[in-house]
Structure formats: structure tokens, C-alpha cells
J.: 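Before I ask anything, here is the structure I am working with.
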Amino acid sequence: MTCDRRVLRRPLLVGLIPAVWTVVLGLWGLSRQNSVWRDEAATWQVARRSTGDIVRMLEHVDVVHSLYYLCMHGLFAGLGPSTTVLRLPSVLAIAAAAACVALIGHRLAGAYVGLGAGLVLGLLPAVQFYLQEGRPYALVAAGSAVSTLLLVNALRGRARKRTWAAYACAVLVCGWLNWLALLILPAHLITLLWSRAPRGVRVRWAVAAGAATAGVLPLALFSLDQSGQVSWVPPLTWHMMIGPAILLAIGGLGGLLGRRTGTAPGTGMGTAERTGVAGRTDRTGRADRTDLAGPPDLANRAGRPGPAGTVEPPGPVTGSPSLAAVGLPLLAVPQLGLIGLSLVKPLFVDRYILFSLLGLALLIGALIGRAVDEVARRSRPAARCVLPVLVAVALVALLPQSLAKRSPASRVDDVLAAAERTRQLKHDGDGVLFIPAARRDTWLVTPDAFTGTRDIALAETPEESGTLKGVEASPARVRAAMLAQRRILLVTDATGVARPTRGRRDRTKAEVLATHFTLVSDERIRGRRVAVYERLAPAGGG
């Protein structure tokens with residue numbers, strides 16, 4: 001009985017340990033020295049609006065993030081805006097993903113593989129970046145992990161109607177957080193075919209996947225009208241393919257070597273733990289093969305009664321997936337799918353398919369399981385040290401990157417630092433300009449830093465216009481408003497971050513400042529520039 005309890009508790013511990021480990025990694029340096037960059041600033045300022053204002057904005061921009069913005073609005077309303085509230089959902093989401101990855105690895109290849117995969121996920125550099133990001137990509141990864149775990153359970157003979165309903169809901173939520181998450185469906189289809197899933201399982205999957213797709217389709221179609229938001233994404237180049245190629249090579253190696261690691265469903269912790277399990281007997285003296293055969297329905301199919309009460313030798317279990325059958329499609333299909341879409345319209349940004357790294361973690365877990373098996377052949381006690389040693393080595397090796405990703409310099413800019421410098425430089429009555437208008441997020445995130453100043457180009461606020469950055473006046477009106485000011489504060493991008501000035505309005509701002517004002521202060525703060533200009537001639541002069 002004691003042994004049985006230990007076995008029953010093991011899956012919980014296998015999932016819990018990586019989850020706690022990931023939370024610790026996420027809370028480490030969570031505030032990034034109290035910095036917020038431009039993408040997070042969008043979340044911050046939208047989450048502080050009323051529900052009605054958010055819905056009105058979504059008609060014009062960012063509808064692809066509608067569910068995420070509404071969720072963050074609820075958190076900000078209940079807990080107040082802060083860097084912790086902004087980023088904690090991502091920390092908890094990746095922790096949940098790590099737990100799911102660990103459970104998948106455990107069920108398909110043993111506890112060492114599961115623990116290794118779950119612990120590795122939080123250490124992957126890209127995951128560490130978005131682990132502390134106030135954007136929806138970590139939440140998509142969590143939903144993808146949940147849906148993959150449900151699929152694995154279904155393939156191992158544990159499917160119920162509620163399993164498929166939960167699967168459809170998980171994919172639907174992922175799609176509403178970012179409809180590119182639907183790339184997980186062809187990955188799961190390949191897993192089904194690779195595993196030779198029974199026809200009934202394939203039909204139920206198709207129904208669940210179809211329902212989820214139908215639920216996401218209106219969002220995807222509506223977002224096409226806002227495709228200008230991703231106009232900044234560069235066209236696909238061979239240089240951009242290097243990262244995916246490296247990931248696929250590592251994943252392929254893990255899949256190849258992992259084929260020899262304990263891949264039988266229900267195995268314990270690899271070779272080290274399987275030794276002794278196979279020899280366990282029940283009260284009648286017959287070998288107990290439950291742990292090796294998997295769940296009862298699969299065990300019955302593997303060892304059917306033969307003539308005269310004999311038992312036929314167990315054969316392959318149709319539909320039960322290998323780790324490679326789950327991990328490789330999960331890694332490769334989203335990467336290759338986004339590359340394919342980018343040939344039509346530039347869309348290749350790694351964060352859009354962050355969830356594909358769940359597959360990489362599983363395949364690295366297979367490599368860890370192989371290492372444990374190799375050591376176990378020589379010394380079972382030494383095999384228990386392999387996983388802690390490998391994780392410790394990886395943690396130390398990645399420490400410089402981990403520290404870098406937790407510094408303000410890891411992001412393009414820092415909205416809060418620019419706002420604080422504006423607070424120090426402003427005088428009552430100063431005019432404020434933003435070039436481009438999107439840099440108005442400095443004011444929208446920290447309005448109190450601009451108290452006593454006036455946004456001289458703004459015609460309609462973001463809330464009034466239903467936009468992220470508001471609507472500015474015509475170039476002629478902007479020019480007249482600037483010439484009426486004695487002193488102007490300019491918030492813009494620092495050199496190296498700034499793009500060429502576009503649009504008549506921004507060119508007018510720059511021309512008037514250069515012609516009619518003198519620069520008296522110019523500071524660069526974490527990717528942004530805060531400059532002070534004073535009028536060369538009396539206010540109102542031409």
C-alpha cells in the first residue's frame with residue numbers, strides 16, 4: 001500500500017516541482033528595476049481604461065488581443081496597476097505550462113524525462129524573456145500545454161466527452177489570445193497520425209478542433225482589417241531562418257535519441273526505476289505488468305487472453321504516442337507554419353509561436369532521460385544525480401543571459417524612465433510633443449509625470465478616438481500651437497532606436513523645432529530621448 005501511494009503521488013510531484021521552480025525564476029527580478037517597455041505600455045494603458053473604452057478601441061486596433069486586454073483590465077481594477085500585476089499572469093502561465101510539460105513527459109517516458117522537460121522549459125532563454133512580459137504570449141503557451149496534455153490523455157485511452165470539450169475550450173482560449181495559436185492544430189494532427197490513433201479518436205479530435213477553429217474564425221477575419229499593425233515586421237530572410245534551424249536540429253536530436261529512452265506509457269523513471277518493476281509479482285505469483293503496459297484499457301489490448309487461458313505476448317499499442325510523436329510536431333509545425341505564412345505576408349516574430357518551445361522542452365527532456373539511462377547502466381545511485389547536476393550546470397551557464405533578460409537594457413526602451421525624467425525637467429505651462437505619436441504612451445502610462453504641461457498636438461484623446469495613441473491635429477494647427485509656446489518638451493526615440501520620420505505631421509514638428517527653437521537640454525534614457533527646447537523669438541512670432 002505504501003508503494004502504491006508513492007506511485008499515485010508521483011505525477012503530482014512531477015508537475016508541482018517544475019511549476020514551483022518556474023515561479024521562482026519568474027519572481028526573480030520581476031520588476032526589471034521598475035521598467036516598462038513600449039509593448040507592455042500598451043497593455044498598461046489599455047487595461048486602465050473602462051470596459052466600454054476598451055471595446056470601442058478594439059473596433060479600430062488590437063482586436064487580436066481583446067481577451068487579454070479585458071482580463072488585464074479586471075486585474076488592474078481589482079489589484080491596481082503595477083509591474084507585479086502586469087507580469088505575474090505570465091509567470092503563473094509559464095509555471096502551468098511547465099507542470100503540463102512535466103506530466104506529458106512523465107506519462108510518455110518516465111518521471112526523469114518529465115521532470116527534466118518541466119525544469120528545462122523555464123530555463124530556455126526565449127521563455128525567460130516572455131516569462132516576465134506583460135503580454136499574452138505566455139498565456140498562449142499555457143493553453144497550448146493544457147491542450148497537448150489533454151490530447152496525450154485521450155491517446156492513452158483516458159478520453160471522455162469532457163476531455164474533448166476541455167480540449168476545444170483550451171484551443172479556443174488560445175486562439176482568442178492570439179489566433180496564430182491555431183498552428184497547434186496541425187501539430188496535433190501529425191501526432192494523431194504518427195501514433196496511429198483509432199478512427200474514433202481522430203473523429204472526436206476533428207470535431208473538437210473544428211469547433212475551436214469556428215470560434216476563433218470571426219476574430220481572425222476581423223483582425224485582417226487591422227493588419228497594418230504588423231506592417232513593421234520585416235520580410236522573411238535567410239538570416240531569420242537560422243534560429244528555427246538550430247531549434248529544429250536540437251529537437252531532432254532529442255527525438256532521435258529519445259526513441260531509446262523509456263517511451264512505453266506508464267513507465268517509471270527510466271531504466272533506473274524500471275529495474276525491479278518488471279520483476280514485481282502479485283499474490284498469485286504472476287508478473288505484474290501494469291506499470292509497463294500503461295492504463296488498463298491499453299494493457300488489455302497489449303496482452304489479450306489466448307487459447308486455454310494463455311496470454312498472447314504484448315504488442316505495440318495503437319494510438320499510444322511516443323515522446324517524439326508529441327514533441328517534434330509541436331516544435332516544428334508552428335515554426336514551419338509561420339515561415340510559410342510569412343512568405344505571403346511578413347509575420348515571422350518568434351513570440352507569436354512561443355508555444356512551440358513546449359516541444360523543444362519535451363525533446364530536451366528525452367535527452368536528459370537518455371543520459372539518466374546511460375548512467376543507470378553503470379550505477380543506479382549515480383543516475384539520481386544526473387538531473388540535478390544537468391539543471392545546475394544549465395543554470396550557471398545561462399546565468400549571464402538570465403541576468404541580462406532581467407535588466408531594463410533587455411528591452412528596446414523604458415517608458416517609466418522617460419516619464420520620470422520628464423517629471424524632473426518640466427515647468428508649469430510647458431508644451432509637450434511626441435515623435436512619433438506612439439511615444440505618447442509615456443504620458444498615458446504615467447500621466448501624473450506630465451501634470452502642469454499641455455499636449456499641444458493632441459486633438460482627440462485615445463479614449464475619445466478609440467485608438468492607442470490618440471488623434472493629432474493637422475500639421476498647420478500643430479505648427480501654430482508650437483509657435484505659441486515659449487518652452488517645449490520633446491519625448492522621442494533615442495538614436496539607434498528611432499526610425500526615419502514619417503508623415504507630414506512629424507516632419508512639421510521637427511522642422512519647427514529646428515527653425516524656431518533652440519535645444520537647451522537633450523538626454524537619452526534607456527532607449528528614449530527627452531529634450532527641452534526654448535523659443536528663439538517671442539511667443540506668437542512667425
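Just so it is clear, the model here is predicted, and its values are computed rather than measured.
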J.: Val113 and side-chain contact (heavy atoms from CB on, under 4.5 Å): which single residue from Leu108, Ile368, Leu323 fits?
T.: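 Considering Leu108, Ile368, Leu323, a side-chain contact (heavy atoms from CB on, under 4.5 Å) with Val113 is found only for Leu323.
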J.: Should Cys174 and Ile184 count as side-chain neighbours, where that means a heavy-atom distance under 4.5 Å?
T.: no
J.: The test is side-chain contact (heavy atoms from CB on, under 4.5 Å); show your working for Leu360 and Leu330 and say whether it passes.
T.: CA-CA 8 Å; Leu360 181 64; Leu330 188 55; over 6 Å; no
J.: With distance as the sole criterion, is a donor-acceptor pair present between the side chains of Gln226 and Asp62 under 3.5 Å?
T.: no
J.: Just by distance, with hydrogens left out, do Gln128 and Arg406 show a side-chain donor and acceptor under 3.5 Å apart?
T.: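 Side-chain D/A pair, Gln128 to Arg406: present.
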J.: Which heavy atom in Tyr352 sits nearest to a heavy atom in Leu347, and how many Å separate them?
T.: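 Reported closest heavy-atom pair: CD1-O, 3.3 Å.
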J.: What I'd like to find out is whether the side chain of Cys71 reaches to under 4.5 Å of the side chain of Leu67, using heavy atoms alone.
T.: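 Heavy-atom side-chain distance check passes, below 4.5 Å.
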J.: The test is side-chain contact (heavy atoms from CB on, under 4.5 Å); show your working for Arg32 and Ser407 and say whether it passes.
T.: CA-CA 5 Å; Arg32 288 204 307 272; Ser407 72; over 6 Å; no
J.: First locate atom CG of Leu155, then atom CH2 of Trp205, and finally report the distance between them rounded to the nearest 0.5 Å.
T.: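 Here the interatomic distance stands at 11.0 Å.
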J.: Assess, by modelled atom type and distance only, whether the side chains of Arg135 and Thr43 contain a donor and an acceptor separated by less than 3.5 Å.
T.: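 Judged by distance alone, the side chains do pair up.
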J.: Does Arg411 come within less than 4.0 Å of Glu133, counting only side-chain N to carboxylate O?
T.: yes
J.: Taking Asp414 for its side chain and Val36 for its backbone only, find out whether a donor-acceptor pair lies under 3.5 Å.
T.: yes
J.: Yes or no on side-chain contact (heavy atoms from CB on, under 4.5 Å) for Leu341 and Leu180, after CA distance, side-chain angles and deciding distance?
T.: CA-CA 10 Å; Leu341 290 174; Leu180 285 172; 3.8 Å; yes
J.: Indicate yes or no: at least one non-hydrogen side-chain atom of Pro321 is less than 4.5 angstrom from one of Arg156.
T.: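 They are in side-chain contact.
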J.: Do Phe222 and Leu217 have side chains that approach each other closer than 4.5 Å (heavy atoms only, starting at C-beta)?
T.: no
J.: For the CG atom of Leu338 and the OG atom of Ser356, what is their distance to the nearest 0.5 Å?
T.: 9.0 Å
J.: Report yes if the side chains of Tyr167 and Arg204 come closer than 4.5 Å at any heavy-atom pair, otherwise no.
T.: no
J.: Taking the six-membered ring for Trp, are Trp176 and Tyr68 ring centroids under 6.0 Å apart?
T.: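 No; Tyr68 has its ring centre 6.0 Å or more from that of Trp176.
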J.: Write down the atom of Ile104, the atom of Ala145, and the distance for their closest heavy-atom approach.
T.: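 So the two residues come closest at CD1-O, 4.2 Å.
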J.: If you apply the rule side-chain contact (heavy atoms from CB on, under 4.5 Å), what do you find for Val216 with Leu172, and how did you get there?
T.: CA-CA 6 Å; Val216 176; Leu172 178 65; 3.8 Å; yes
J.: Within the structure provided, determine whether Pro11 and Leu103 are in side-chain contact (heavy-atom separation under 4.5 Å).
T.: yes
J.: Any idea which heavy atoms bring Ala168 and Ala208 closest together, and the distance?
T.: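 For Ala168 versus Ala208, the nearest heavy atoms are CB-O, 3.6 Å.
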J.: Does any non-hydrogen side-chain atom of Tyr137 lie less than 4.5 Å from one of Asp350?
T.: no
J.: With a 4.5 Å limit on heavy-atom distance, are the side chains of Leu27 and Leu88 in contact?
T.: yes
J.: Which atom pair, heavy atoms only, marks the closest approach of Thr191 to Pro329?
T.: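 Closest approach of Thr191 to Pro329, heavy atoms only: OG1-CG, 3.8 Å.
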J.: Salt bridge check, Arg351 against Asp39: does any charged N sit closer than 4.0 Å to a carboxylate O?
T.: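 Salt bridge between Asp39 and Arg351, a charged N being under 4.0 Å from a carboxylate O: yes.
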J.: Taking the six-membered ring for Trp, are the ring centroids of Tyr112 and His106 within less than 6.0 Å of each other?
T.: no
J.: Atom NE2 of His188 and atom CG of Leu193: how far apart are they, to the nearest 0.5 Å?
T.: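 Interatomic distance, His188 NE2 to Leu193 CG, rounded to 0.5 Å: 13.0 Å.
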J.: Looking at every heavy atom in both Ala361 and Val101, which two are closest together, and how far apart are they?
T.: CB-CG1, 4.3 Å
